[in-house]
Amino acid sequence: MTDNNATDSASVEPLLKVEGLVKHFPIRKGLLQRQTGAVKAVDGLSFDVRPGETLGVVGESGCGKSTMGRLITRLLEPTGGKVEFAGHDITHMSAGQLRPLRRDIQMIFQDPYSSLNPRHTIGTIVGAPFKLQGVQPEGGVKKEVQRLLGLVGLNPEHYNRYPHEFSGGQRQRIGIARALALNPKLVVADEPVSALDVSIQAQVVNLLDDLQDELGLTYVIIAHDLSVIRHVSDRIAVMYLGKIVELADRKSLYEAPMHPYTKALMSAVPVPDPRRRGAKSERILLKGDVPSPIAPPSGCRFHTRCWKATEICGTQEPPLLELKPGRRVACHHPENAEDQVPDDKVLPSAREAVEIVSVSKAEPASTTEPASKPGPVSKTEPEPDSV
Amino acid sequence: MAAYFIRRVFGAVLLLLVVSAVTFAIFFLVPRMAGQTMDQLAAQYVGKDANPDTVAAVKKNLGLDQPLYAQYWDFIRQIFVGADYKFGPDVQHCDAPCFGYSFKRHIEVWPEIVSRIPVTFSLAIGAAVIWLISGIATGVVSALKRGSFLDRFFMSVALAGVSLPIFFTGMLALGVLTVQWPIWSDGINYVPFTESPLDWAWNLLVPWCSLAFLYSALYARLTRAGMLETMSEDYIRTARAKGLKESRVVGKHGLRAALTPIVTIFGMDFGLLLGGAVITETVFSFQGMGKYAIKSVQDNDLPIVMGVTLTAAFFIVFCNLLVDLVYAAIDPRVRYS
Amino acid sequence: MSEVSKEQTVGTPAAAALGEPVPAQRSGTEDTFLSVRDLRIHFRTDDGLVKSVDGVSFDVKAGETLGIVGESGSGKSVTSLGVMGLHHAAPNARISGEVWLDGEELIGADPEHVRQLRGQKMAMIFQDPLSAMHPYYTVGAQIVEAYRVHNKVTRKVARARAIEMLDRVGIPEPGKRVDSYPHEFSGGMRQRAMIAMALVNNPQLLIADEPTTALDVTVQAQILDLIRDLQKEFGSAVIMITHDLGVVAEMADKLLVMYGGRCIERGTAEQVFYEPRHPYTWGLLGSMPRIDRDQTERLIPVKGSPPSLINVPDGCAFNPRCPYADIPKDNITRTTRPELTETGSGFGSGHFSACHMSQEERTRIWTEEIAPKL
C-alpha cells in the first residue's frame, strides 16, 4: 500500500481488505449454450474498510456496486481477487466455512417489502439468526429480540405481528434489527433508504448513525443517491463500469472531485435551492448512456464520454493512484491535481462529450458549446456546484 | 431468431425421442421386471395352441431374443424405413412410417391410426374455434365489467363448466337433443367431411359444444384474470393518456398482452385433444384416436398402444413447438433473448 | 397576478367556486391555462372511503412550471390523473370540484370530449418508461398511434412526424430507432421516447409524474434539461410531480406541497424554500440530506409515518406527527381543519399555508429554531 496518510490508515489494521476483486457473469448463447462473453460486473476492485468507519460506494446503475456488496458479504463467489475479513481470507470459503463468519458480516437490503418473509412474525424473522447460528442469547431469544426491536425504534410488543402490518420504514427497521441480532462487526447496506419516502428516509439514516455510535459498527453503504452518501459516509468510492474511479474522504471528494466522472456526477445532482438556477450555476451534462459492461471501452472506461480524453486514455488503463494524501483517483488527466500525461493529443470524441448547460430557465439558452480544450471548466478552481 | 427456432426444433425432437424411449421401456421392460420371460411374452402373440417352435419363431420375428437397446433401435428404425413381418411363408411388408404390427388383430398399426385421425381432428378443431371465441369474449366482458351482474353470471356459468365433467354434459346433451327433443332424430354419427361437409358439421355440433363448454369455461376464467392484470398495467394508462378510444385501449393494448398466456395453454390443450378426446369420443361413439387407445389398452394390444401414445405425444410436442414460435411473433422480447 | 387571494371554505365547493372568478376562461399566453378549484377525488373501497385528493386548488400559466411535492400517498399523482380525466380507470371513483383547461370546464364535460383533449391539449409522462410503454409495439408505432388519434393523416406522414419528434428529443439515428421496441432502448432513451410521444401533438399542458425517479442521476440531468428546453421552445405549461425537492427547486416556478390528500402550502419556489410556513414543509427540508453542504449533524426527520388516506385525521392531517401540535391555539380544536391562508412574505404575495399556529409563531419558529439547523 502506498498510503502515507499515517494518521488513520497505517496504524489501524483494516477490517475488510479487498484486492483485485473480479466478478464476471458468463453469457451463454446459441444452440449449445456456449459461453460467448461475460458481463464484467466487477472488474478489479481494491479497497480497505477500517474498523468503525463508513465507506460509501456510489455509482449509477450497472456500475457493479450491488455485485460488489454481494461479493464482500460472500453471497456471491468472486471470479478473481481476494477478500480478507478480519485477517481471514474468505474469497473462496465454502458455505460451511463461512457460517461462523456470517455472525460478523451482515447485510441490509433495499426492498423492505420483499426481503421479509410475509408468513413469519417479526419475532421469528429477527430471531432467525440465533436459530441458524445456534446461539442462545442471555435471557432467551424472545427477550433479546424485544431488546433489538426497541433498539431500532420499534415497539417490542409488536413481536407477534406480521410484516404486512408495518409501514415501509418500519420494515426497514425490522431488516436492520435482524442484521444486528448477532452483534456483527461489518454491516453492508445495499440502497438501505432508496425505497423509502423522504421523511422516513431521514429516520432510517439517523438510526444507522446512532447504531454506529452505540455499537461501534463498520458500514459499507451502497447507494445511488449522492446526497445520502455525502451525509452518511466517512470515505467514498465512486464506481463506473465495474471499476473504482475515485476513492477519497467525503470532504475532499465533494469539494474538489478529481475524476472527471465524479465531477460530472456531482454536477448532475439537482440542488434543493431555487436560487442556484438563477445565477451562474452550470452543469456538465454527460451525453449518451453508460456503455455495456459486456464490452467495456478499452483503456480508461470513461474515455468515451470524457471531455478530457486523450489518446492514452483509449489505450492505457489509468491505475488507481494516490495523488494526494488519502485521495486515490484513476485518471490520466485528473481535476484538481497535476496532469499525469500532459501534452497528449486530445481525442476528437472528447470535444463533443459533454454539454455545459445552464440550469436557469428564464434566460435564453447559453448552451451547447462543445468543450474545445481538455476541460470546459478551469482545472484548478472547484466547480461552483461542488462548493 | 434462427437460433431460437433451431433450438426449439432440436428440443422438440429430443423430447420425442425421450417420450418414445420411456414408452418403449414401460411396455417392454415392465413385463420383464414383473418376472415374465421372453418366452412368455412371445407366447402372448401366438395364441392358445402355442408350441415351442412357433413361440421361438415369434420371439425371433419380434426381436425379443435381442438386447433391449437393439429392440429399441429396431423400433425407431422401422418408423423411418419400414419392416417386414414373416409369418411362415407369408411376408407382411409394413411401409414406413411403420409403428409396428398388431399380432392380435393381424393389422398394421399406422393405417389404423391414420383412419381415426380425421375424426379426432374434426372434433378438436371445431371445439377449439368455439371455445376460443366464446371463452375469450366472456372473459373480456367479465373483466371490463368486473363486479357487475354480468360478470357474476358469466363466472358462475364458468364455474359450472369447469366443475361438470364432460360425460355428464355430453350425455345430457345427447339425451335431450336426440330423445327428449329429437332435433338430431337419427342420433349423432360421424360423417366424414369429404362425404358431406354439411352433415359433418351438423353431426359434430353437439360434441363440439359439449367439449367447448368445458374449455371455454376455463378460458373465460383465464382471460378474465389476464385482462384484469393487463388493464392495470402502466402502458394501459399511457394509452388512455394519449386519448385513445376505450375500445382501442382494450382491443389493441389490453387484449394482445392478456392473450399471451392463453396461447401457451391453448397449445397444450389443443395438442392433448389431437391425441384423442377420450371421453367425448366414447360418449358420442366416435371412432377417434382416444376411443381406439382405450380399446387397445383393454385388449392389451401393446403395438397399438405404443403407436397411439407416440402419435399423441407427437401432436403435443408439435403444438408446443408452434406455441413457442407464435409466442415469439407476439412478444418481441422473446425474439431477442 | 391571477393567483387566488382567498381559499374556498371546505365543504361548499360549488358556492365557493361560483364566488371565485375563474381566470382561465379567458385565454392568451399571459393567462392561466389550467385552473383547478377544490378538486376532490374519493374512492369507495371495501375498507372505507379513500380520500386521495381532498380539496386542492391551483393555477398554472402557459410557460410556467408548477411543482407538486409530496410523499407517497399524498395524493399528488391522483390529482394529475383527475386533471387528465383518467381517475375513471379505478372503480368507484368520485370526483368533484372544477378543472378549467383553457377556458373549458372538464369535470362535468362529456367524457368523449375530454378524451379528445387528452394527448392533444394535455399530455402526460410517467415514472417508469419501461412499464409505461407497450412492450409488444415498436416505439414508432406507439408515437404514430398517438399522432393519428388526433390528426387525420396517413401512416406515412405520421411516421415522418414520429421520426422528427424522436430526433427532437435527442435520440440518435431516429430513422432507425423508430422501429425499435421499448426494451431495446436504455432507460434514458425510453423516457425521451415517452416525451416525444407526449409532445407529438404540441400539447399546451404537460404533466410529468416523477419523470426522472427511475433514472440515474446523469440521465436525470439530461431529461430535466430536455423538458426545460422543450418548454422554452413551445411555451407549454408544465406540472412536475415529484418527491425530490432538488428537482422542483431546479424546475418549478411555483410549488404545491401536498400531505394526506390536501394542499398544505403553496407559493413560489423561493417562498416555499426560504420562508416555509408549515411544519410539514420544515420536516421535508430537515429530512433531506444536502449535496451542497458538508453536514455532519443528524437530519431532522418528521416522526411517525404518513396517514392512511382512509383515516385522515379530522382536523389538520399533519396533527399526529406535528411537533408543535401541543402549542395552545385560540378557539381551535383538534377537529378544526386549517384553511389555506395567505402568509406575509418577503417574496411578494401568493404564499399560502394551512396551519393553526399564528403567523408570528410560525415565523419565529422558522427563523429561530428550524432555519439555523438546516
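Since the structure is predicted, the reported quantities are computational estimates derived from the model, not experimental observations. Chain naming here is simple, since letters A, B, ... match the order of the sequence lines and numbering starts at 1 in each.
Among Gly119(C), Pro203(C), Ser131(C), the residue with the largest count of heavy-atom pairs under 4.5 Å with chain B is Ser131(C). When each of Met122(C), His150(C), His134(C) is scored by its heavy-atom pairs under 4.5 Å with chain B, the top score falls to His134(C). Per-residue counts of heavy-atom pairs under 4.5 Å with chain C were compared for Asp331(B), Thr260(B), Ile330(B), Ile236(B); the largest is that of Asp331(B). Contact count against chain B (heavy-atom pairs under 4.5 Å) is highest for Pro135(C) among Pro135(C), Ala123(C), Ala198(C).
Only the side chain of Met84(C) has a heavy atom closer than 4.5 Å to any heavy atom of chain B. Of the two parts of Glu112(C), only the side chain, counted from C-beta on, holds a non-hydrogen atom closer than 4.5 Å to a non-hydrogen atom of chain B. Using a 4.5 Å cut-off between heavy atoms, Ala257(B) touches chain C through backbone and side chain atoms alike. Proximity to chain B (any heavy atom under 4.5 Å) is shown, for Ile207(C), by neither the backbone nor the side chain.
More than 12 heavy atoms of other residues, nucleotides or ligands shown are found within 6.0 angstrom of CZ on Phe234(C). Within a 6.0 Å radius of NZ in Lys252(B), more than 12 heavy atoms belonging to other residues, nucleotides or ligands are found. Applying the 6.0 Å contact sphere to CZ of Phe318(B) captures no more than 12 heavy atoms from other residues, nucleotides or ligands. Counting non-hydrogen atoms of other residues, nucleotides and ligands closer than 6.0 Å to CD of Glu164(C) gives a total above 12.
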Give the intermediate values and the outcome of side-chain contact (heavy atoms from CB on, under 4.5 Å) for residues Arg237(B) and Leu81(C).
CA-CA 10 Å; Arg237(B) 190 182 52 187; Leu81(C) 293 178; 4.1 Å; yes
Quick one, His253(B) with Glu145(C), criterion side-chain hydrogen bond (donor to acceptor under 3.5 Å, both in side chains). Give me CA distance, side-chain angles, the key distance, then yes/no.
CA-CA 11 Å; His253(B) 291 251; Glu145(C) 187 182 33; 2.8 Å; yes
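In this structure, Arg333(B) and Tyr136(C) approach most closely via the heavy-atom pair NH2-CE2, 3.6 Å. Scanning all heavy atoms of the two residues, the minimum distance from Arg115(C) to Leu244(B) falls at CD-O, 3.4 Å. Residues Leu86(C) and Arg240(B) come closest through the heavy atom pair CD2-CB, 3.4 Å. Contact detail for Ala241(B) and Met124(C): the closest heavy-atom pair is CB-CB, 4.4 Å.
Atoms CG and OH, on Asp128(C) and Tyr235(B) in that order, are 13.0 Å from each other to the nearest 0.5 Å.
At least one side-chain heavy atom of Thr238(B) sits under 4.5 Å from a side-chain heavy atom of Met194(C). Annotation: side chain of Glu184(C) is not in contact with side chain of Pro332(B) (no heavy-atom distance under 4.5 Å). Inter-residue side-chain proximity for Gln142(C) and Lys242(B) is flagged as met; some heavy-atom pair is nearer than 4.5 Å.
Note that Arg256(B) lies in the cation-pi zone of Tyr137(C), set by a 6.0 Å cut-off to the ring centre and a 45° limit from the axis.
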